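Everything on this sheet refers to the single structure shown next.
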Amino acid sequence: QNPKTPHIAHKHSIMAENWAQRSFYLLLTDRYNCEAGCTKGYCGGTWAGIEQGLEHITDLGFDAVWISPIVENTEGPNGEAGYHGYWAKNFEKVNPHFGTEESLKSLVSSAHAKDMAVVVDIVANHVGYVRDFSEVYPFKNRATTTKTAASLTDTTSGSWRTAAFS
């Protein structure tokens, strides 16, 4: 441990030595406790629905729940929905299809009351379908990231690096 960076842990944080002892229930938020028979677009799964199912999850023998990304998502180019959570649009807002910040906090509090861990899947290496990166927050107001997808693949300038960073 670096003495310049003291470790600060929440009382429900999982220390490295405890990861192997946890049993994780991995779920896609929108597909858990949702509309029966739904297979396309948003199907109605929410953090409140997961919270209602925590008892069932613990009855199955799990003591941790791993949920899909929580951030606001884009819609696909043909109207497809980012129901899975992996098409980030705004990294600072929660996906309103899954609930509110309060309902997410309630899920976490309820899980902790049952001595369960909650893990949030975070994907920072890509965003959803966009034509211009200024559509994605926090890149939205930065001059260096407002290049369009077309400019990033421009081959007339010699390479994508030249096009992207010129």
Side-chain angles (χ1 to χ4, degrees), residues 1-130 133 135-142 145:
Q1 182 175 347
N2 183 343
K4 293 180 181 178
T5 316
H7 178 73
I8 300 171
H10 185 275
K11 71 177 187 172
H12 293 289
S13 295
I14 300 175
M15 299 295 115
E17 61 272 10
N18 300 118
W19 282 104
Q21 298 170 2
R22 289 282 181 167
S23 179
F24 289 86
Y25 188 90
L26 175 63
L27 58 85
L28 197 59
T29 300
D30 185 65
R31 296 303 196 252
Y32 184 84
N33 204 4
C34 64
E35 179 185 323
C38 180
T39 60
K40 293 186 178 184
Y42 285 100
C43 292
T46 63
W47 298 311
I50 296 170
E51 184 175 357
Q52 293 169 2
L54 288 177
E55 193 69 37
H56 174 69
I57 293 170
T58 58
D59 288 347
L60 293 173
F62 296 96
D63 59 359
V65 62
W66 181 347
I67 62 175
S68 53
I70 64 172
V71 299
E72 180 181 30
N73 274 222
T74 65
E75 302 299 320
N78 299 312
E80 302 96 341
Y83 67 87
H84 39 68
Y86 295 96
W87 289 349
K89 175 182 180 179
N90 188 329
F91 287 93
E92 294 186 5
K93 288 186 178 179
V94 297
N95 190 327
H97 292 280
F98 303 152
T100 62
E101 286 185 33
E102 291 74 26
S103 62
L104 178 58
K105 289 176 186 178
S106 180
L107 163 61
V108 172
S109 293
S110 293
H112 288 174
K114 296 179 180 306
D115 197 30
M116 295 179 75
V118 177
V119 175
V120 176
D121 202 342
I122 299 173
V123 181
N125 68 339
H126 66 271
V127 297
Y129 288 103
V130 293
F133 286 101
E135 297 174 37
V136 179
Y137 187 85
F139 311 117
K140 191 173 190 139
N141 296 319
R142 298 184 185 179
T145 56

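The structure displayed is predicted, hence computed values, not measured ones.
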Applying side-chain contact (heavy atoms from CB on, under 4.5 Å) to Ile67 and Leu104, what does each step give before you reach the verdict? CA-CA 11 Å; Ile67 62 175; Leu104 178 58; 4.0 Å; yes

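- Listed by first and then second residue, the salt bridge (charged side-chain N to carboxylate O under 4.0 Å, His left out) pairs involving residues 89-100 amount to none (not counting sequence neighbours).
- With hydrogens and angles left out, the side-chain atoms of Asn73 and Tyr42 include no donor and acceptor closer than 3.5 Å.
- When all heavy atoms of Val94 and Gly99 are compared, the pair lying nearest together is CG2-O, 3.8 Å.
- A distance of 7.0 Å separates CD1 in Ile50 from OG1 in Thr46, rounded to the nearest 0.5 Å.
- Under the 2.5 Å cut-off for SG-SG separation, Cys38 and Cys43 qualify: their sulfur atoms lie closer than that.
- Interatomic distance, Asn95 CG to Trp87 CH2, rounded to the nearest 0.5 Å: 12.0 Å.
- Between Arg22 and Ala117, the shortest heavy-atom distance links the atoms NH1-N, 3.5 Å.
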Test side-chain contact (heavy atoms from CB on, under 4.5 Å) applied to Leu27 and Ile57, step by step: CA-CA 11 Å; Leu27 58 85; Ile57 293 170; 4.3 Å; yes

Show the numbers, then the answer: is there a side-chain contact (heavy atoms from CB on, under 4.5 Å) between Thr58 and Met116? CA-CA 8 Å; Thr58 58; Met116 295 179 75; 3.2 Å; yes

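- For Glu72 against Pro96, the heavy-atom pair with the smallest separation is CG-CD, 4.5 Å.
- Distance alone, capped at 3.5 Å, is enough to place a donor-acceptor pair between the Ser110 side chain and the Ser106 backbone.
- With Asp63 contributing its side chain and Ser23 its backbone, the two residues share a donor-acceptor pair below 3.5 Å.
- Evaluation of the salt bridge (charged side-chain N to carboxylate O under 4.0 Å, His left out) test over residues 43-60, restricted to residues two or more places apart or in two chains, returns Glu55-Lys114.
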Tyr83 vs Leu28, test: side-chain contact (heavy atoms from CB on, under 4.5 Å). Steps then yes/no. CA-CA 9 Å; Tyr83 67 87; Leu28 197 59; 4.0 Å; yes

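- Residue Leu107 holds its CG atom at 11.0 Å from CD of Gln52, rounded to the nearest 0.5 Å.
- The two atoms that bring Gly41 and Ala81 nearest to each other are CA-CB, 3.8 Å, heavy atoms only.
- Nearest heavy-atom pair, Phe98 versus Gly45, reported as atom, atom and distance to 0.1 Å: CD2-O, 3.7 Å.
- Under the salt bridge (charged side-chain N to carboxylate O under 4.0 Å, His left out) criterion, no residue pair touches residues 35-49, with sequence neighbours excluded.
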